[in-house]
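What follows is one structure encoded as structure tokens, with my remarks underneath.
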Amino acid sequence: MIKHALSVTRQADFAAWYQDVIAEADLAEESGVRGCMVIKPWGYGIWERIQTVMDAAIKDAGVQNCYFPLFIPLSFFEKEADHVDGFAKEMAVVTHHRLIGDGKGKLIPDPEAKLEEPLIVRPTSETVIGAAMSRWVQSWRDLPLKVNQWANVVRWEMRTRMFLRTSEFLWQEGHTAHADRDDAMAETLRALEMYRAFAEDVLAMPVIAGEKPENERFPGAVATYSIEAMMQDGKALQAGTSHYLGTGFAEAANIRYQDRDGGHSLCHTTSWGVSTRMIGGVIMTHGDDDGLRCPPRIAPHQIVIVPMLRDNEEDTAILDYCRSLEAELKALDAFREPVRVLLDAGAAKAQTKRWGWVKKGAPVIVEVGPRDVAGGNVAVIRRDRLYQDSGKLDTAFVAKGDFVAGAAAMLADIQQGLHAEAKARLDANVRRDVTDLAAHFGGDDKFVGWAEVQWSRPTGAVLDGIVEQLKALKLTMRNTPLDAAPADGTCFFTGEPAVERVLIGRTY
RNA sequence: CGGGGAGUGGCGCAGCCUGGUAGCGCAUCUGCUUUGGGAGCAGAGGGUCGCAGGUUCGAAUCCUGUCUCCCCGACCA
């Protein structure tokens, strides 16, 4: 019987387990402000890694970073009807700019200081960036225009969950303007592919990229694409979105250009984003009953050295040995970056530190005690295979030089192994033989995955009916995978000839 | 917004029904003994019980009001 580091298992209560991982791995905590969290150093360190790698990919695509205001005038939203319809229910509004005492020891908004026009705390920035684009785009020579910002946004969600849906969250939002549909659509799909590759290669999180059905589109978009990841409980997580916005936003913000022939045309715009939700995805993709398993590429520390200090004269020798090990490891590259090493020489007990790093999911933990120093060894624990078959902690005692020589390859192996494990789970849980959704999703299986069915892509009332039918089973359509096999049968819902395949499942 | 739960040392909780000025575990500090699967023993410090009223000789406990957070649901880029 293995003694695990967490008190709740995934099998027993997945939701409680998720919250326990966040607490035990020191990723984040409740802030006392409704739906908002404090992201702690380890959690924020993961976000910084996501930012670093994603930012490089964004810049590689010729997109430039900018920063736009947190506050957006209400009138900006009113210009695009679908957009405001989609967000109206969840917008935080600033109405006053000053407080006064109410005479009872409390502060209240000063009625004299009411804003003439309310300001919205941005839920997304299409409108304010569109206003800038209308100034910046004059000629066909100004296109394409591609900007991105790293920012916080606020959406007043009814129900929040740490990382997955918080009232305030951190993200990047890319916004581009193009001369025509083809160029804008190419950009939309480029961003989608960037996200797919990022999720797979960096987060080790396999995803399915596809187009969202009409009812799941971003408010105001002509087409919305997503990457969908499967969590260990079989639910889907929308981990990134990319939208082709057509000319609607360009019309609302008056983004026009003069073409080669002297005529004026509306731009075609796109927007795309990923957020701190990705961290929730990493937790539910790679976490186990001992906490998080952090993929090496986003681990703030890839290798943590834990000296077994005992407050005696041996400590100096142990620390010297650890420092030389740290220096050797830091000189290495893994994934074409310097290896990130932490020598945890703090005052806590060695065992406490070890289990702390296990729960945080540091990919490799290296323990160094007096016996290792004497023998020139290190004791290595891989987070992706913590236990021997016997249930004992799997600590490998190897020569220090051998460990250093193989460290980069070990990190690559862990990264690859985590991906393979998650990919196998995704593949095994997408079912293409489902004939009865109620039976499949209503059975005793605790963690049902997704069903892929053929459909005729109906619209309007027929689509609404399907959505209602799925809703009764707590199901939604995730996306129509871009790389699915061509349709060759009839629609699961209407019986008409099918045109494509669509994924169905429960979602976060 | 509907349903449920919770606000008591840093954290997690008990006490409340049957009022008598607060207790436990973890953490912290000190000492000694330990040390490669989360140490043991002894001792110490730290809270006036979300907030505001009320009842009472006396309120964490009873009453009224109020605020906040969490969970489930509805909703949702």
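Note: hydrogens, waters and symmetry copies are ignored here, and every other heavy atom, side chains too, is used. Quick caveat, the model's predicted, so the values are computed rather than measured.
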Watson-Crick/G-U partner (both atom distances under 3.5 Å) of [N]:
N	result
B:G2	B:C72
B:A59	none
B:C32	B:G40
B:G65	B:C51
B:G25	B:C11

Send over the distance from [X] [atom1] to [N] [atom2], rounded to a whole Å.
X	N	atom1	atom2	value
A:Lys474	B:C72	NZ	P	11 Å
A:Asn377	B:G36	CG	P	18 Å
A:Met162	B:C71	CE	C1'	13 Å
A:Met37	B:C70	CE	C1'	16 Å
A:Lys392	B:G38	NZ	P	12 Å
A:Glu24	B:C26	CD	C1'	12 Å
A:Tyr508	B:C71	OH	C1'	14 Å
A:Arg161	B:C75	CZ	C1'	15 Å

If we take the [atom1] atom in both [N] and [M], what is their distance in whole Å?
N	M	atom1	result
B:C24	B:A44	P	12 Å
B:U8	B:G46	C1'	14 Å
B:C63	B:U56	C1'	12 Å
B:G4	B:U48	P	33 Å
B:A60	B:G9	C1'	14 Å
B:C51	B:A6	C1'	16 Å
B:A59	B:C70	C1'	28 Å
B:U30	B:A22	P	28 Å

Once you apply a heavy-atom cut-off of 4.0 Å, does [X] come out as touching a base, just sugar-phosphate, or nothing?
X	result
A:Ser275	base
A:Thr352	base
A:Arg354	sugar-phosphate
A:Gly273	nothing
A:Ser242	nothing
A:Gln19	sugar-phosphate
A:Lys353	nothing
A:Pro219	sugar-phosphate
A:Ala5	base
A:Pro307	nothing
A:Gly35	sugar-phosphate

Identify which nucleotide among [options] has an atom closest to any side-chain atom of [X], counting heavy atoms from C-beta outward.
X	options	result
A:Lys349	B:U35, B:G36, B:C71	B:U35
A:Ala379	B:G38, B:G36, B:A74	B:G36
A:Glu157	B:C76, B:G36, B:C72	B:C76
A:Met158	B:G38, B:C76, B:C75	B:C75
A:Arg310	B:C75, B:G36, B:A74	B:G36

Tell me yes or no: between the side chains of [X] and [Y], is some donor less than 3.5 Å from an acceptor?
X	Y	result
A:Glu187	A:Thr176	no
A:Ser324	A:Lys400	yes
A:Tyr387	A:Asp290	yes
A:Glu367	A:Thr395	no

* Asked: Any side-chain heavy atom of A:Leu319 within less than 4.5 Å of one from A:Arg323?
  ->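 In short, these two side chains touch, coming nearer than 4.5 Å.
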
* Any N or O donor-acceptor pair linking the side chain of A:Arg159 to the base of B:C75 at under 3.5 Å? ->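 In this structure, the two groups form no donor-acceptor pair.
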
* Asked: Would one find more than 12 heavy atoms of other residues, nucleotides or ligands at under 6.0 Å from atom CH2 of A:Trp156?
  ->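 No, not enclosed.
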
* **Partners passing salt bridge (charged side-chain N to carboxylate O under 4.0 Å, His left out) against A:Arg310 (at least two apart in sequence or in another chain)** =>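 Applying salt bridge (charged side-chain N to carboxylate O under 4.0 Å, His left out) to A:Arg310 gives none.
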
* **A:Asp26 with A:Lys40: basic N within carboxylate O range, under 4.0 Å** =>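 Salt bridge between A:Asp26 and A:Lys40, a charged N being under 4.0 Å from a carboxylate O: yes.
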
* Using heavy atoms to find the nearest nucleotide of RNA chain B for A:Arg217 and A:Phe397 separately, return the residue whose nucleotide is more 5′. =>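 That would be A:Phe397.
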
